[in-house]
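The basis for the numbers below is simple: all heavy atoms, side chains too, and nothing from hydrogens, waters or symmetry mates. In what follows, chains carry the letters A, B, and so on, assigned in the order in which the sequence lines appear, proteins first and then strands, with residues in each chain numbered from 1.
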Amino acid sequence: MNCPDEGSLSLYVAGLLAAAEHEALRAHLRDCSECRAALGALEAPDDEPPEARGALVPGDRVGRFVVLYPVGEGGMGRVYAAYDPELDRNVALKVLHARQLRRLDLPQAKARLEREARAMARLSHPHVASIHDVGERDGQLFLVMELLEGGTLRQWLRERPRSRQEVLTAFAQAAEGLAAAHAVGIVHRDFKPDNVVLTRDGQVRVTDFGLAHAVASPQVGAPVPKGTLGEPLTVSGALLGTPAYSAPEQLRGERGDARADQFSFCVALYEALNGQHPFQATTPEELLARVEAGTIRSETTRLPGWLRAAVRRGLSASPVSRFGSMAELGRLLSRDPHRWKKRAAALAVGVLLSVMAVHQSVATWRQRNELCRDSARHLAGIWDARSREAVHRAFLATGSPAAPYSFQAVATALDRFAQDWVAQHEESCAATRLRGEQSDQMLELRMACLERRRKDLEALSAALQRAEATTVEEGFQLGASLGGLSRCADTRALREAVPLPDDPAVQAEVQAVRAELSRSQAEALAGRRLEAMKLAVASRERALRTRYRPLEAEALLAMGRLQHREGAFEEARRSLTQAALSAEAGRSFAVLVQSLSALAWVQSTRLAAPEEAFHHLQRAEAVLEQLQDPDLAADVKATRAELLEAQGRFDEAEPLLAELVDRAGARADTWEWAQMRMRQGVLLMKQGRPMDARRIHEEATARYEKLRGPSDWEVATALLNLGATLYEQGELTRAEELFQRALRTYQSFFGKPALDTALTLTNLALLYSEWGRSREALQAAEEAVAMARQLLTPDHPYLGMLEGNRLTILGEMGDRTLELEYSRRQMAQRERDYGADHAEVGLDLHSIGVLLRELGRPAEAREAHRRARLLLAPRLEAGKSSGEELLATADAEWFLGETVDARRHAEAALKTLERAYGPRALPRVDALHLMGRMHLARGELAQSLLPLQEALKVLTEQSITSARTPLVRATLAQALHETGAAREACAQARIARAELVPWARAHPREQAELAAFLSRCQ
Amino acid sequence: MLEVLLLAVGAPSAELLRGRPELLERLSSALDEAGALGEDTAPGSTAFARHVGEQLGRTADVARAIELLHARDLAMALACVEGKPGALAWMETSIFAKLGAPLARVDASPAFVAEVVQHVRTWLLLPREDGPPRLMDYSGMGPLRSWVRATAVRAALRMRKAKGQEEPTESEVLARHALPDVTPEAMYLRADVRQHVREALAQVVRTLDTEEQEVLRLFFVDQLSLTRMGELLGLHKSTLSRRLSAAHSLLEKRTRKLLADRLALSTPELESLMRAVRSQLDLSLSGVFGAPR
């Protein structure tokens, strides 16, 4: 027969060929290797990874069950929580890995599983997890089991050191569960700490009975395929169970009976009591040899003789030497005379959701057997691939355009947190268990601290999985707000804190309130401030009732921070003050530092009480000195930088910000980095260094764009700042582009009056004014003010600034009086903020002097200039003046007739401005103009022409048609006239006169001078 | 549309179906499913109804065929032949793009895989001189992906043969399949040791009897399931699995002995080596058997 085509092959496989054809094809297949290969390919399972194939999402139906959420993943399969509508209860669905069943006949495996499940269903025991049902979905088998919420015995053991009594209580329960199963003829065959769950109420449940056995693949390549073959239920001699816990008979490939479970149980018990495996071995072969030789490691802890003997008997190589039954061993363990005296309460359990059995392959077994190496498992179900994906979906589901970017930021932050957590967990474990450098008590303290942070993470992950638009918005700063883990490594601080009260009821309440606080923090980080506030209020009341000071402090701090964010500054101050007091009483130094730092911030930025703010800050810094907590140190540093900036102490703030930028960079926290970078840029602008600021703003802008996508409002803010530096540098065209882009983004993003939109408009107004487009400028400036009035209280500093810009523009159009009045108010405000002798006040005063000159009030102008020069003098003498300060000094001196100093300072100003502002900056133009006038006055005609021509060139290039241009041109005309170039002088003067027309009301004196000059022209 | 289908399925089956409303219900929802694929993907509705009818008509048991019918795949196949862009794109990404792994078993070089995929693409999608494209032969019984995979594997074997490459040396086949460097165990093996392992395996395979070789070959090279093997060989599954296990442990035992003799390893070293070998035995064996000897 010819080779059949694939159509016939698939009909053959389906059993749809007529009998004769079927026979003929079968005969052909026996001889034709090519057709067999095609047949193999036809029937091969899909090679896709199980993730792609089997992953269920919430809402999926499996049979009658509705998937609720993924719980975790084990070697056997993936576990989901699901709802059973028929019986109105939640269950766990364990979907078995396709790869477990790759070459196994599905119906056969299902039959085996059903047989196990039926047997298990006969068994209802408090220490055995129930199996409800077995089903099949798209060729995948699943088990329907009791949904257990809790952690595995292994996690529980790793969480923190457990006392012997605790261990025995847990194992005695597990023994009861095993014994009950044995009584109805069920053997577990893969007992290990991963297959024992401690529920939240402290019950011990043994899970996955017979599962390893039931789904054992007939893969012939499995380890140690010796001994009995062809048993009805084991297709090959494949090793069942996990080598580390397997009885020697199982290691040899035998099936093992109830006594094999007893051996596994004793391995786990020995390990729990001694912190190491009973047999020193790195390979299954070695293990078998050790077990057979009976070389059990000596116990690391002192155990009562009876217990030591019992465990060692269960570890006998020969099954007949072990206990007659699990029940016998169990009774012995329960009889521990100390057991009930000390510990009647349920076991304390970590809140890991998991029902997992982790099947250990030979390859990973060696590693996993090492102590302090698998801390990552504590984060399973909290922050792992699945919860990450769940958060991702939730973010995308908000439909916010920033969602993908925000998710990236969130995931990065949480990944880093999880990584740090695991590293610290393992390090702490190793410090006690492996290196012996750390006491058990310290291990316990550190683990308790880590456990609390883990719960924070758990609450946060859950909150993020319910993301809303506000969550997406907050997501970017999550990395900065989440806080680090360094406090859990600060051994001294941990030791000094007031310990938990002895009363177990209070202890439980403290735990409960802390859980509530975790949730409050999580809700706040997820942008649901109202929920966060509700939880915080409730927990504050509960916390105060416990009279446990550290908890009080935590609750009050949480409250204070939320009040701060809500704008309730006075309330925030009260909460934070109380928080600091409670923290001090409870010796909770980290909380104390946080409270003081937050207090300082509120006092400085919101309550305008800089002295008190510094007082709190200095206390925070003093407490911090005793701590080893870099996260906290950075937090305090940021506060100090903010306080310094608010006081105009820019030079002192600068190095602090630089450190914070470096730290954010080192932590790969993009948002924090960009944020700090932007703050740095703003600071540089305030220091009169737009060239440096520009570079930094460019970096920040690029980073924001990458982080948040090109059309996000935070990018717009970066653009606004960058635009401002360009404006200062005289690159008006590019500045306008950026302002317009920012404006468009803000308008589409906010769609309504917004402060950011107002700020952009006012910048545009200034720019238009330079271009001589006064009407547009005024319109934009007025719009900005109107917008801000809807949003801000009348005394808000931004409103003053916007109003000031409007008045400046009006002033250039001729109405100087209001401008002067505003400038005076502005200066008074600055005196309050920065102190009366600050250089910024000197600059304000200089502007006032200039205005007074324009207004034709020279006496007052002279007074203003004199005072300004005095205020600017200290920095001048220290050689620290900015270009603007130098220019103001020179200009004042020139007006005051101190020509030698004026000239020296003008030259210095020009140099500094060139360096700090670049060649096209308007202040440089002003400096050039001043230089030109000085040379002209001294009759240095040739020297005067150069700077004036240069100034005019810059102005023309940027199409600047503000009054600056005709004023420079008028001076140039004069200079030309003096050199004898009369025609050219007159030509320039005529242009200047025309250019000055729009500004005539603001510059009447200059206009008159021009007219006089022109009257001498032909 | 159901009428069109019933007309195409042929009188006896149509009669049977008319008496089974639950089957008609399933067919009707199969047609709906195809219709719901969207304008640039769904095949013409009449054509599809006729196509389904014809495919069912070819089977010996129409009720069972309906149970096994992969309506969506069948619709996709027809839509590809009709040139629907959505269906063709799906075919590329969901079917052709996934052929790499099964084809790598024949020859892992990317160039070869690409060549085979291109061949399969034209072979399935271009009209024949005397009929419609071969994709029309897909009956919808079983997933389209499996069907194309089988076609591709067969094409690959034939292409190798045509190139005169049907008899690669054992060491070549072994080099291709045995002990890829990626597994942690295999990384321990020095290149010369790896070579020894390859040679030993090949040598041991030749010492097995025909029956032992046959079960190993069916299982590892042809990748047949135990059920299918049992069916082909007329053996009960438990017998077959016993035989398979026995052959396999014999292979392992002899390989171990041979390696122990050749490499003069200590017991732990040998155990460690064997673990590495074992973890890859599946692949290695398919290499050994890959060449007819």
Side chains of B/R158 and A/C3: closer than 4.5 Å at any heavy-atom pair? yes
Non-hydrogen side-chain atoms of B/R154 and A/L9 separated by less than 4.5 Å: yes
Is it the backbone or the side chain of B/E231 that comes under 4.5 Å from a heavy atom of chain A, or both, or neither? both
Toward chain A, the part of B/T151 with a non-hydrogen atom under 4.5 Å: both
B/R64 (side chain) donor-acceptor with A/L16 (main chain) under 3.5 angstrom: no
A/R26 side chain to B/L232 backbone, donor-acceptor under 3.5 Å: yes
Given A/E6 and B/S146, is the side-chain contact (heavy atoms from CB on, under 4.5 Å) satisfied, shown in steps? CA-CA 10 Å; A/E6 277 65 60; B/S146 304; over 6 Å; no
In this structure, CG of A/L17 is separated from CE of B/M141 (nearest 0.5 Å) by 11.5 Å
Could you give the distance from CG (A/D5) to CH2 (B/W147), rounded to the nearest 0.5 Å? 7.5 Å
Might you point out which heavy atoms bring A/S10 and B/S139 nearest each other, and give the distance in Å? OG-OG, 4.0 Å
Where do B/A150 and A/A38 come nearest, in terms of heavy atoms and distance? CB-O, 3.2 Å
